[in-house]
Amino acid sequence: MVNGNTVDQLCLSLLKRCKTLKSIKQLHTHLFKSGLDSDTFIAGNLILHCATLISDALHHAHSFLLHFSNPDAFMYNTLIRGFSDSDHPHNSVTTFIHMRRNSNHLQPDSFSFAFVLKAAANLRSFNTGIQLHSQSITHGLDTHLYVATTLVSLYAECEQIDHARKVFDEMSEPNIVTWNAMITAYLRCSDVKGAETLYKRMPVKDLISTNIMIAGYMKAGELRLATNLFFHEMPVKDDVSWSTMIVGFAHNGCFNEALDLFVESRRVGLEPNEVSLTGILSVCAQAGALEFGKVVHGYIEKSGFGSIHTVNNALLDTYAKCGNINMARLVFERMPGRKTIVSWTTMVAGLAMQGYGEEALELFHRMEESGIKPDEITFISVLYACSHAGLVEHGYRYFSMMKDHYGIDPTFEHYGCMVDLYSRAGELEKARDFITQMPVKPNAVIWRTLLGACSIHGNVDLAEFVLEKLAELDPNDSGDHVLLSNIYAVAGKWKNVATVRKSMTSQRLTKSPGWSMVEVDKVMYSFVAGDEQNEVISEAYTSLKKIMLRLKVEGGYVPEVVGSVLHDIEDEEKESAVVTHSEKLALAFAMSRLCDGKVVRIVKNLRVCKDCHTVMKLVSKIFRVEIVLRDRSRFHSFSDGSCSCRDYW
DNA sequence: ACTATTAACT
């Protein structure tokens with residue numbers, strides 16, 4: 001006869017062998033038949049296994065606990081912990097409440113509070129946090145090391161720095177993790193000075209503390225300080241230090257610095273891991289650095305990281321964002337194992353960006369057929385696909401399907417896509433009616449979408465109406481005023497143009513500069529309209545002069561000034577620079593550097609203007625060159641005088 | 001319990 005302990009050990013080893021929900025259910029059936037599943041030790045370990053080791057077994061653990069006659073604190077805590085980092089942290093809170101209601105003899109302990117507070121932090125619910133905090137005081141656990149540390153993080157997430165600091169100050173012996181949490185709290189609340197003061201006062205620092213400071217300084221745009229004060233001064237750097245710097249540079253638009261640092265990290269012998277690889281691929285995707293991305297792809301193939309989902313998704317996104325849709329399709333189709341919702345959504349969005357609306361929708365249906373439920377982001381991509389392919393009816397149908405069939409409440413992003421859908425198709429009244437009938441108060445982005453459409457379709461009255469709305473919501477956006485001014489210019493209302501410009505000057509509104517980038521020999525060259533002279537810019541201008549001359553002689557090109565005058569520039573002196581929008585400079589530079597047969601790939605931060613669009617078409621024909629331009633809104637592929645957007649953008 | 005990573009609307 002076997003004793004209890006041996007049975008426990010046997011069950012544990014059987015549990016360990018279960019890697020899927022199916023296998024754990026089978027084991028559970030056996031345990032149930034032998035009555036062993038009512039043993040709290042075995043039941044507790046079953047829940048632990050489901051909650052922490054098997055990704056989709058949480059709900060199984062949940063229903064098991066609900067039917068269990070006398071769950072102990074360990075079982076509750078384990079489930080609360082499992083839910084806290086899941087997609088539904090709210091279930092953590094309900095489980096905590098359930099524990100308090102149904103089991104009078106059970107008292108929540110420090111584990112219960114630490115885990116449920118983590119859930120409240122993930123929910124960013126200040127209200128829930130306050131209530132849980134007060135309960136922890138009742139139980140005398142509010143100054144417990146783990147509970148208090150999580151409280152600091154919770155208040156940080158809710159951007160309540162004073163609450164966080166109060167918890168921190170009331171602790172008798174905060175450890176290094178608590179200090180780190182408190183520094184993170186200051187940085188999350190954008191108080192770099194506060195973080196620095198605390199960092200200096202830390203009794204002991206470890207690597208992580210400095211990594212936190214690097215992340216915070218990079219996010220705050222303090223690139224110099226992050227580099228010199230922390231990164232260069234660190235006696236030991238780990239992979240997190242490097243990755244933080246690399247993505248930090250990218251966040252600030254310093255793509256070459258990011259790419260260089262990745263090269264440097266390889267040079268000093270650091271082996272990339274899945275996080276640093278997704279990080280550098282994200283840099284390539286943002287920058288449109290296709291050639292660099294291909295080098296990273298080569299490394300991924302060699303090193304075996306190609307079997308990791310996140311790496312593959314990032315690779316897919318890189319090819320899509322760099323305009324190489326065929327490679328994106330290849331990565332997608334050859335993805336090992338099951339494609340995740342991220343893979344499908346990324347591919348739908350990638351196709352949509354190129355204007356392949358129908359193919360994007362087909363893919364969406366393939367996704368549904370494969371049994372993956374679309375989420376709110378998938379629908380943004382689907383609606384985006386409809387709007388960029390002019391599929392108005394389809395768009396409306398998917399919008400309804402999302403609400404009625406999938407029960408997803410539309411967010412501002414979805415409403416924005418719908419407004420964009422009607423706007424691009426020229427149905428401005430429908431767009432306006434859609435906005436006024438929204439069940440929530442439209443935000444500035446929604447109105448701005450309509451304003452953009454007014455500009456394209458030259459609707460002065462509606463534009464004035466929209467600007468009144470925008471004046472209430474976000475009066476200081478210079479882009480809106482520029483747009484209105486453009487609309488007046490096209491309509492020939494020069495007096496109004498002057499009025500808008502004058503009011504912009506008096507309000508000191510300056511336009512965010514337009515820039516374009518182009519990759520030559522794995523280096524990104526960026527161009528800003530009206531930028532200072534240097535060798536690269538002179539080269540670009542010289543090349544551009546020759547190009548424009550041929551366009552005028554051979555293509556009958558006439559510069560289109562009206563409507564573009566205020567697109568990239570802010571003052572009178574620069575008005576002459578209208579023919580040198582940054583994308584033209586980037587194109588000219590690339591034409592002078594790239595060998596024949598190569599594709600010119602340009603990335604621009606704003607929408608391309610009509611004149612530049614015309615120039616690109618002509619250049620593609622006269623110089624027999626293929627140009628791929630990614631602007632703020634989509635891809636334009638120019639070839640033999642026409643564009644893939646069919647002039648619909 | 002604290003740090004780094006992938007998908008979308010202007």
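We name chains A, B, ... by the order of the sequence lines, and we start the count at 1 in each one.
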Colleague: Taking the six-membered ring for Trp, are A:F379 and A:F399 closer than 6.0 Å centroid to centroid?
Modeller: no
Colleague: Do A:F332 and A:W344 have ring centres separated by under 6.0 Å?
Modeller: yes
Colleague: Just N and O in the side chain of A:R634: are any of them under 4.0 Å from OP1 or OP2 of B:dA8?
Modeller: no
Colleague: Rounded to whole Å, please give me the gap between CZ in A:F379 and P in B:dA7.
Modeller: 20 Å
Colleague: With no angle test and no hydrogens, is the base of B:dT6 tied to the side chain of A:T310 by a donor-acceptor pair under 3.5 Å?
Modeller: no
Colleague: For the side chain of A:I208, starting at C-beta, report the closest nucleotide among B:dT6, B:dC9, B:dC2.
Modeller: B:dC2
Colleague: Have a look at A:T149 and say if it touches a base, only the backbone sugar-phosphate, or nothing, with a 4.0 Å heavy-atom cut-off.
Modeller: base
Colleague: Would you say the rings of A:F231 and A:W242 are close, in the sense that their centroids are separated by under 6.0 Å?
Modeller: yes
Colleague: Whole-Å distance between B:dT5 C1' and A:Q286 CD?
Modeller: 12 Å
Colleague: Where the side chain of A:A349 is defined as all heavy atoms beyond and including C-beta, which of B:dA8, B:dT3, B:dT10 is the nearest nucleotide?
Modeller: B:dA8
Colleague: Starting at CG of A:N312 and ending at C1' of B:dT5, how long is that distance when rounded to a whole Å?
Modeller: 14 Å
Colleague: Do the side-chain N or O atoms of A:K321 get closer than 4.0 angstrom to the phosphate oxygens (OP1, OP2) of B:dA8?
Modeller: yes
Colleague: Roughly, in whole Å, what's the span from OH in A:Y422 to C1' in B:dC9?
Modeller: 16 Å
Colleague: Separation of A:I308 atom CD1 from B:dA4 atom P, in whole Å?
Modeller: 19 Å
Colleague: Is the distance from the ring center of A:F111 to that of A:Y76 below 6.0 Å?
Modeller: no
Colleague: Using a heavy-atom cut-off of under 4.0 Å over every strand shown, decide if A:V342 touches base, sugar-phosphate, or nothing.
Modeller: base
Colleague: Taking only the side-chain heavy atoms of A:V275 (C-beta and beyond), determine which of B:dA4, B:dC2, B:dT3 contains the nearest atom.
Modeller: B:dA4
Colleague: Measuring from the side chain of A:F115 (C-beta onward, heavy atoms only), which nucleotide among B:dA7, B:dA1, B:dT10 has the closest atom?
Modeller: B:dA1
Colleague: Select one nucleotide: of B:dC2, B:dT5, B:dT10, the one nearest the side-chain heavy atoms of A:H251.
Modeller: B:dT5
Colleague: Taking the side chain of A:V445 as its heavy atoms from C-beta onward, which of B:dA4, B:dA7, B:dC9 lies nearest to it?
Modeller: B:dC9
Colleague: To the side chain of A:D420, which of B:dC2, B:dA8, B:dC9 is closest?
Modeller: B:dC9
Colleague: To the nearest Å, how far apart are A:D239 CG and B:dT5 C1'?
Modeller: 12 Å
Colleague: For the pair made of CD1 in A:I80 and P in B:dA1, what is the distance, rounded to whole Å?
Modeller: 14 Å
Colleague: Nearest of B:dT6, B:dC9, B:dT3 to any side-chain atom of A:I380?
Modeller: B:dC9
Colleague: Side-chain donor or acceptor of A:N175 under 3.5 Å from a matching atom on the base of B:dA1?
Modeller: yes
Colleague: Do A:L207 and A:M234 make a side-chain contact, defined as non-hydrogen atoms from C-beta onward lying under 4.5 Å apart?
Modeller: yes
Colleague: Kindly say if A:Y384 contacts the phosphate of B:dA8, meaning a side-chain N or O under 4.0 Å from OP1 or OP2.
Modeller: no
Colleague: Out of B:dA7, B:dC9, B:dA8, which has the shortest distance to the side chain of A:D375?
Modeller: B:dA7
Colleague: Between atom NZ in A:K339 and atom P in B:dT6, what is the gap in whole Å?
Modeller: 22 Å
Colleague: Nearest to the side chain of A:R632, which nucleotide is it out of B:dT5, B:dA7, B:dT10?
Modeller: B:dT10
Colleague: I'd like to know whether the aromatic ring centres of A:F113 and A:H144 sit less than 6.0 Å apart in this structure.
Modeller: no
